[in-house]
Structure formats: structure tokens, C-alpha cells
Number of protein chains: 4
Amino acid sequence: MKNDTGRKPVIAIIGAGKCSKKLYDMAAEIGRYVAENGGVVLCGGLGGIMEGAARGAKEAGGTTIGIIPSENKADANQFIDHVIPTGFGQARNVLVVRAADAIVALPGKFGTLSEMAFALVSGKPIISVQAWKLGEEIQQVEDPLEAAKIAMELARKQN
Amino acid sequence: MKNDTGRKPVIAIIGAGKCSKKLYDMAAEIGRYVAENGGVVLCGGLGGIMEGAARGAKEAGGTTIGIIPSENKADANQFIDHVIPTGFGQARNVLVVRAADAIVALPGKFGTLSEMAFALVSGKPIISVQAWKLGEEIQQVEDPLEAAKIAMELARKQN
Amino acid sequence: MKNDTGRKPVIAIIGAGKCSKKLYDMAAEIGRYVAENGGVVLCGGLGGIMEGAARGAKEAGGTTIGIIPSENKADANQFIDHVIPTGFGQARNVLVVRAADAIVALPGKFGTLSEMAFALVSGKPIISVQAWKLGEEIQQVEDPLEAAKIAMELARKQN
Amino acid sequence: MKNDTGRKPVIAIIGAGKCSKKLYDMAAEIGRYVAENGGVVLCGGLGGIMEGAARGAKEAGGTTIGIIPSENKADANQFIDHVIPTGFGQARNVLVVRAADAIVALPGKFGTLSEMAFALVSGKPIISVQAWKLGEEIQQVEDPLEAAKIAMELARKQN
């Protein structure tokens with residue numbers, strides 16, 4: 001359940017701060033899989049995809065970390081165990097990427113795009129489920145569970 | 001055991017990256033108290049005081065977070081559960097302060113001083129055990145356990 | 001020559017750190033136009049497009065600012081007047097965007113993509129000359145001089 | 001007039017955001033000396049000491065850079081030529097230090113203290129004129145002009 005450093009794999013789940021019920025549930029499904037398989041769910045700590053992912057993980061008894069834009073922990077959603085308030089605004093996106101061992105990207109706007117770009121810059125493994133198309137370096141899958149599984153495998157190879 | 005937001009109080013324990021056995025044990029004692037009383041231990045994730053604090057918390061079955069200067073999780077000490085790699089160098093000190101609900105400062109050099117300064121800038125509660133003397137806004141105590149107790153009380157009032 | 005705040009318009013020119021002679025010259029042409037028309041050229045301070053842009057501006061007697069990834073000013077190219085060393089690695093990209101009044105994007109890889117994403121997040125005007133296609137919010141032009149002209153006009157409307 | 005890299009020495013002048021007329025004038029005197037002797041004045045871009053320093057430099061025909069806490073350039077004082085908006089709040093202090101070749105510290109509160117701490121962490125030359133007493137590593141002088149002179153000399157040895 002752990003990677004080489006003895007720590008749990010950290011999977012960032014990224015995507016829109018506001019989203020449909022369908023996408024929210026998809027994020028929850030991924031979060032649940034990660035938690036059930038010994039991973040930590042990391043996200044931007046706010047609503048939409050971020051909340052869905054954290055909720056899924058918590059419902060499965062997992063651990064969640066949210067790196068938020070403001071300095072105010074109260075801005076994090078209720079499913080975040082550990083809030084890292086940055087006060088950096090959207091610049092916190094780079095910290096989300098840096099703290100992840102692998103990333104699952106769901107549909108989102110430009111904030112999500114910036115996280116995907118930073119993942120590519122830093123060579124972090126990233127799996128896309130219907131997110132921005134940015135070339136062949138990003139693996140595209142349709143099934144959220146398959147994305148979660150691949151992300152966990154890639155994360156375990158990190159560190 | 002929890003503060004108003006339903007999250008555990010987060011106590012940052014700051015101080016030198018290299019220190020005497022005596023200070024290491026003092027940090028461990030504080031970390032242990034925090035963990036035993038339902039708090040999370042936060043630190044800069046490296047050696048010395050940071051390692052002592054994390055070790056004490058882990059030996060008491062607690063949870064630890066380390067916000068480190070580099071982008072490389074492997075730089076964190078082995079007692080850190082959740083590593084937040086920043087790639088910001090010593091600028092990560094401000095993130096340690098922002099993520100804390102209260103801070104216990106042990107002796108350290110200028111990095112510690114910068115964290116104490118940021119704590120004062122942001123109005124975060126800070127208790128000093130033999131750390132830098134910076135005026136009356138910082139409560140000074142001699143006994144590490146007393147510092148830990150006060151920090152936990154002040155942290156619970158935050159958020 | 002100045003915008004409402006009395007300051008010169010700041011045009012960020014972004015793109016690959018290594019590029020063809022053709023793209024280098026294109027960046028220089030944009031830098032020259034900005035300088036000749038009273039603007040300041042801002043960039044990431046390194047090679048390729050960044051160097052071309054700064055060189056063009058300097059050859060026209062203009063002023064250049066480079067916000068660089070490292071803490072070491074010596075890493076900036078020789079055409080940068082004012083070096084802002086960050087020590088943040090690619091996270092400095094967000095600072096390039098925040099310091100710009102308008103942005104001209106030339107072809108680049110994922111670092112450039114992250115800057116374009118941040119520009120879109122923050123609503124900064126951005127003109128693309130053969131850069132990443134990210135939807136209708138980014139104005140596409142073929143001629144670098146036209147891009148420079150549009151960027152200067154949009155920058156003057158900022159602040 | 002220039003240091004080895006061919007760039008002008010950059011002197012950060014730090015201190016309180018609100019100050020007495022006497023301190024404001026002292027900051028202006030330092031800014032003027034720096035500008036008259038070929039240096040660039042860098043500061044946090046807001047009021048008090050920061051404004052005095054920038055004003056002195058501009059009145060002597062010099063160049064000024066302000067690295068500000070917010071993302072909004074309009075928050076900078078009117079004597080700043082080049083505004084670097086960060087959106088990082090007081091965390092921008094570390095960027096002020098990193099962009100300086102030498103630092104003159106005038107009296108200030110905890111923000112100033114954090115900048116002095118970061119200067120000490122990074123080994124940047126720092127001259128104190130009645131600022132925080134932090135040990136022998138900081139040279140103390142009484143005369144602002146002497147501080148400016150020493151800072152320019154030390155800055156020229158940097159890079």
C-alpha cells in the first residue's frame with residue numbers, strides 16, 4: 001500500500017470548482033478508489049471536482065489534503081482533513097502539482113489547464129478523463145476507475 | 001479534540017535544522033503532547049527540531065505534516081506523514097506559518113526568526129521556549145510541556 | 001506613451017527557452033516595437049524567445065525586466081535590465097503573468113502553456129502568434145508586429 | 001557605476017509602511033544617494049519608508065522597483081517605476097530580499113523583521129540604521145548616508 005519512501009501514494013484530483021452532479025460523482029468515485037487502495041487524496045480544497053474527490057475519499061475512510069488559494073482554512077470544503085492555506089491565489093496550483101505523486105485531471109477551466117501544464121513541465125504522471133487535450137504526453141482514459149488505478153500504479157513508481 | 005471547523009488543531013513546531021540532543025528531545029516531548037491531545041504536528045520537514053517534533057508525534061500515534069524547501073519529497077525526514085514539497089527554498093517558511101493554528105518556537109537561527117516574524121505579521125499565536133526575544137507579543141515559557149499545552153489551547157480558539 | 005497610472009505599459013513576451021532563429025527574430029521584432037512605442041518588455045529572463053524579446057527592446061533603447069526561476073541574477077540573459085530572481089522554479093511563471101499588462105505568446109512548450117493558462121485565469125489580455133490553441137478567448141494573429149500593436153493598445157486600457 | 005554583470009547595483013530599502021516625517025526623509029536621503037551613484041532603488045512598493053526611498057530616488061532621476069503584496073499595480077506608490085505585483089501578501093518580502101544586491105534596513109515592524117531574517121538566511125549584505133538588533137552579523141550605522149554608501153559598495157561586490 002506504500003511506495004518506496006514508506007509514505008502513501010498521493011493522488012491529486014483536479015478539475016472545475018463548479019461542476020455537474022455527474023462529474024462530482026465521477027470525482028468521488030476516483031477519490032474512493034484511491035482511499036480504498038491506500039492512497040491519499042490531494043486537491044485544491046474548494047468545491048466541485050475538488051469536493052467530490054475529497055468526499056469520496058472520506059466516505060471510504062481515507063485521508064485528504066487541500067491546498068487552498070486563500071490564507072483562511074475555513075475556505076476549504078468540509079471533506080478536507082489537512083488544509084494548507086497559501087495566500088497565493090491561483091498560484092497555489094503549482095503547489096498542488098508539486099505535492100502529487102500522480103494526477104487525475106477531470107474537466108475544468110483555465111485553473112485546471114494551468115495545473116496540467118505544470119504537471120507536464122515537471123514530468124509528473126497525469127491521466128486525463130475528458131480534460132484538456134494537450135498532446136500525446138497525457139494519457140487519456142474514459143473510465144474514472146481505470147484512471148484512478150493507473151494513477152495509483154504510476155504514483156507507486158514515484159519517489 | 002477538535003476545533004470549531006471540525007479539524008484537529010495544527011501546531012507548528014519550529015527551530016534549528018541542526019540541534020543538540022537536549023533540544024531534539026524537547027521538540028519530541030512537545031510533538032508527543034500535541035499528538036496525545038488530538039493535534040496535528042506541522043513543521044518544516046527537515047532535521048533537528050523538525051525531526052524531533054515529528055518523531056515525538058509519530059511515537060504517540062499522531063499525524064505529521066512537513067512543508068519542505070525543495071520539490072523532492074525524499075528530503076523530508078522519515079517521521080513526516082504528509083510532505084508538501086514547495087520548491088521555494090526558505091520562502092516555504094511563510095507557508096509553515098500560514099498552515100499553523102498556533103506555533104511553538106524553540107531555538108533556531110535566521111530561518112526560525114523569519115517564521116517568528118511571519119507569525120507576528122499574521123497575528124498567529126506563538127509561544128517561545130528559549131527562542132529569539134522579539135518583544136512582549138511573544139509569550140515566553142521555560143517548560144516545553146507548558147508551551148505545548150498553551151499552544152493547543154490557543155489553536156483550539158482559532159478558526 | 002503612458003497608461004492611466006502614469007506608468008509605461010508592460011508587455012510580457014512569452015515562449016520557448018530554446019527556439020529557431022526565425023522565432024528569435026520574431027520575438028526581437030515584438031520587443032523592438034514595444035520599446036519604440038513607450039512600453040516595457042517583460043519576460044522570463046532566460047534564452048530563446050525571452051532573449052530575443054529583450055534584445056529587440058534593448059536595441060531600440062528600451063527597458064527590460066526578467067523574472068527568473070532561480071535565485072541567481074547571473075542566470076538572466078544579458079539584455080535584461082532588471083532581474084527579479086524568485087527561487088520558485090517554474091512557479092515564477094505566475095509572477096510573469098501578474099506583472100504584465102498584456103501578453104504576447106509565441107510558440108513554446110508547457111511552461112508557456114502554464115503562462116497562457118494563468119493569463120486566462122486572471123483575465124489578462126493575451127495575443128497568440130502561433131502559440132497553443134486554447135479556445136476563442138485568445139486572439140490569434142499571424143503578424144508579430146500586429147500582435148505587438150494590439151498588445152500595446154490593450155495594455156494601455158489596463159490599470 | 002555598474003557591477004560585474006553590467007547591471008546597476010540594486011539596493012533594497014526596507015522599513016515601516018507608516019512612519020514619521022523624519023524617517024520618511026531619511027529613507028529619501030538614502031534613495032537619493034543610491035540613484036545619484038548609479039544604483040536602482042528596490043522596495044516593497046507601498047507607503048512610509050518604501051515611499052520615501054522611492055521618492056528620493058525619483059527626485060534624483062533614478063529608477064525604482066516595487067514588489068508589492070497584492071496583484072494590483074495601483075496599490076504601489078506613485079514613485080515606483082516598475083511594479084511587480086505578487087498576490088502573495090507578506091510572503092512577497094522574500095522576493096524583495098532575493099532581488100536585492102544589498103539591503104538598508106530602517107525601523108519597521110514584523111514585516112521588516114521578516115525581511116531582515118531572510119537577508120540573514122540568504123547571506124545578503126544588510127546595513128541597519130536603527131532597525132531591529134539581531135546580532136553582530138548586521139552592521140549598524142547611525143548616519144543614513146553612510147549606510148547608503150556602504151550598501152552600494154557591498155552591492156557592487158555581489159553577482
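First the proteins, then the strands, lettered A, B, ... as listed; each starts at 1.
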- C:D75 side chain vs C:P69 backbone, donor-acceptor pair below 3.5 Å: no
- Query: If only atom types and distance count, is the side chain of A:K124 paired as donor or acceptor with the main-chain N or O of A:A100 below 3.5 Å?
  - Reply: yes
- Query: Hey, is the main chain of C:A28 close enough, under 3.5 Å, to the side chain of C:R55 for a donor-acceptor pair?
  - Reply: no
- C:L134 versus chain A, the contacting section by heavy-atom distance below 4.5 Å: both
- Item | Short N-O contact, C:R156 and C:D101, less than 4.0 angstrom | no
- Message: Quick check for you: among C:T112, C:V97, C:L113, C:L120, which has the greatest number of heavy-atom pairs under 4.5 Å with chain A?
- Response: C:L120
- Query: In terms of heavy-atom pairs under 4.5 Å, which option from C:K109, C:M116, C:E137, C:E115 contacts chain A the most?
  - Reply: C:E137
- Task: Using a cut-off of under 4.5 Å on heavy-atom pairs, state which of C:F118, C:F88, C:W132 scores highest against chain A.
- Result: C:F118
